[in-house]
Amino acid sequence: MTHLLEVSGVSKAFGGNQVLSSVSFNVAKGEILGLLGPNGSGKSTLLNTISGFTRPDGGSITFNGHPIARMASHRIIQAGIARTFQLPVMPEKMSVMEVVMAAGTRQHGLINGLLGLASGRKAEQEDKARASELLETLLLTKVRDLPAAALSGGQKKLLGIACALMGNPALLMLDEPMAGVHPQLRQELVETLVRLSQQGISLLVIEHDMHFINTLCQRCIVLDRGQIVASCRPDELAENQQVLDAYLGRSTATLQEAV
Ligand SMILES: Nc1ncnc2c1ncn2[C@@H]1O[C@H](COP(=O)(O)OP(=O)(O)OP(=O)(O)O)[C@@H](O)[C@H]1O
C-alpha cells in the first residue's frame, strides 16, 4: 500500500514534559484514520507537529515521499496538508463567504487579480465558484453573508472545514469536528467526509464521539501519554486492553466511558 503520510519516531517535549515519544504511523491515500486518546495524551500536539505549527525534537515526517518535518506551516499547506482547529476563531468583520475566499491559497491569483490580469480574474472566479460549492456542501449557504464570528460553535467548525478544503488538500486533519455540531447536521457531516475520502482525500480525525469513529473510520490509532498503544479497527477498540487501560482511571474524556 502506498502511504501518503509517514510519521516515524516523532518525539516532542515541552520543558520536562515529554508529550510525544517516538510516534510512528502511516496514512494511506483515501484512508480515514481516527486519532484517539484521553485528554492530554498528545493528539493536538501530533497534529500541530504534522502541520508545521510545532517543530518535532526528533523523528521524520514524509508526505508524498517528501520530508516535511522542517518545513514552514504555509509550505506544508501548499504541499497538500490542511487542518481544522478544536476551537476555531473567526474574524469579527468578515462574512462567511469572505472568510472562505480568504482561505484560498491561490495567492498568485489574488495578486494577478489585483493587477487586473485575465488569468488572475479567471482564478478569482474559480475560487468564488469553489467557495460557493463548499458552502453548499457544508450546509452554510444560508449564512454566507452573515459575519463569520456570529456563527454557532458547530457552524464555525463546518466553516473551518470549508476553509481547509479551499486549498484542495490531499490530507485533511480534523480536530474534534463533531464537538458542538448540531445533531441534525452530524450525519450530513459524516456523509460529506465519506464523500471526500471517496474522492481520494485522506482524513486524519481526532474525535471522542465513538458513534462517529465507528461510522467513519476504517482504522484508529490510540495515543496514551504520547505513545501509540494501539492501531486497530474501531470495532476492536473495546477489546483492546491497552486502550481500556489508557482510558480507565482518567477523570476526563473517556472512550465512551471506557466502553
Ligand atoms: N505549546 C505548549 N507548551 C507547553 N505544553 C504544551 C503545549 N502544547 C501542549 N502542551 C502540553 O502537552 C500535553 C498534551 O497536550 P495536547 O493538547 O496535545 O493533548 P490532547 O490529547 O490533544 O488533549 P485534549 O483531548 O484535551 O485536546 C499537555 O500536557 C499540554 O499541557
Side-chain angles (χ1 to χ4, degrees), residues 5 7-25 27 32-61 68-74 76 81-89 153-154 156-158 160-161 164 171-181 186 189 193 203-214 216-217 219-232 234 237-238 240 242-259:
L5 179 76
V7 174
S8 178
V10 163
S11 298
K12 179 71 193 174
F14 293 108
N17 185 8
Q18 189 69 44
V19 176
L20 298 175
S21 302
S22 199
V23 170
S24 302
F25 69 97
V27 183
I32 306 181
L33 180 68
L35 173 54
L36 281 71
N39 290 129
S41 55
K43 303 180 297 295
S44 296
T45 303
L46 184 54
L47 247 58
N48 288 341
T49 306
I50 297 167
S51 54
F53 289 92
T54 297
R55 188 144 291 186
D57 299 332
S60 68
I61 307 176
I68 60 164
R70 309 267 149 219
M71 266 190 195
S73 54
H74 69 280
I76 292 176
I81 299 181
R83 67 166 297 180
T84 65
F85 292 87
Q86 209 171 339
L87 298 170
V89 179
K156 283 182 187 161
K157 289 258 161 119
L158 300 176
I161 297 175
L171 172 65
L172 176 59
M173 304 194 295
L174 303 168
D175 199 342
E176 296 193 31
M178 284 292 155
V181 174
R186 286 174 172 225
L189 180 54
L193 296 177
L203 301 175
L204 177 58
V205 189
I206 296 179
E207 188 51 65
H208 293 294
D209 182 324
M210 278 312 291
H211 173 70
F212 178 81
I213 294 284
N214 282 320
L216 189 70
C217 299
R219 191 167 62 93
C220 298
I221 51 174
V222 182
L223 270 181
D224 183 27
R225 298 180 179 89
Q227 293 187 329
I228 293 193
V229 294
S231 170
C232 60
L237 286 167
N240 187 312
Q242 280 181 293
V243 175
L244 297 177
D245 290 347
Y247 281 87
L248 289 170
R250 301 291 178 102
S251 56
T252 48
T254 61
L255 172 68
Q256 223 81 319
E257 302 309 323
V259 195

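Atoms within a ligand are numbered from 1 in the order they appear, just like the ligands themselves.
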At less than 4.0 angstrom from any non-hydrogen atom of [X], what atoms of ligand 1 do you find?
| X | value |
| --- | --- |
| His208 | 25 (O) |
| Thr45 | 9 (C), 15 (O), 16 (P), 18 (O) |
| Gly42 | 14 (C), 18 (O), 19 (O), 20 (P), 21 (O) |
| Lys43 | 18 (O), 19 (O), 20 (P), 21 (O), 22 (O), 23 (O), 24 (P), 25 (O) |
| Pro38 | 21 (O) |

Please confirm whether the backbone N or O of [Y] pairs with a side-chain atom of [X], one donor and one acceptor, at under 3.5 Å?
| X | Y | value |
| --- | --- | --- |
| Gln242 | Ala230 | no |
| Arg219 | Ser231 | no |
| Lys43 | Gly37 | yes |
| Gln18 | Leu20 | yes |
| Asp57 | Ala13 | yes |
| Ser8 | Ser24 | no |
| Arg55 | Arg70 | yes |

Exercise. Out of curiosity, is Gly15 lining ligand 1, as in a heavy atom under 4.0 Å away?
Worked result: no

Problem set entry | From the candidates Ala13, Gly40, Gly226, the one that places a heavy atom nearest atom 14 (C) of ligand 1 | Gly40

Seminar exercise, completed: Closest to atom 11 (C) of ligand 1 (heavy atoms only, candidates Ile206, Asn17, Thr49) is Asn17

What protein heavy atom sits nearest [atom], and how far off is it?
| atom | result |
| --- | --- |
| atom 26 (O) of ligand 1 | Asn39 ND2, 2.9 Å |
| atom 17 (O) of ligand 1 | Ser44 CB, 3.8 Å |
| atom 6 (C) of ligand 1 | Phe14 CD1, 3.3 Å |

Exercise. Short N/O distance, under 3.5 Å, between Gly37 and ligand 1?
Worked result: no

Exercise. Within 4.0 Å of atom 31 (O) of ligand 1 (strictly less), any protein heavy atom?
Worked result: no

Seminar exercise, completed: side chain to side chain contact (heavy atoms under 4.5 Å, CB included) with Ile50: of Val10, Val27, Ile76, Leu5, only one passes, and it is Leu5

For this session: Just do the side-chain contact (heavy atoms from CB on, under 4.5 Å) check on Phe14 and Thr45 with the steps written out, would you?
Result: CA-CA 10 Å; Phe14 293 108; Thr45 303; 3.9 Å; yes

Exercise. Hey, is Val19 touching ligand 1 through its side chain, its backbone, both or neither, going by heavy atoms under 4.0 Å?
Worked result: side chain

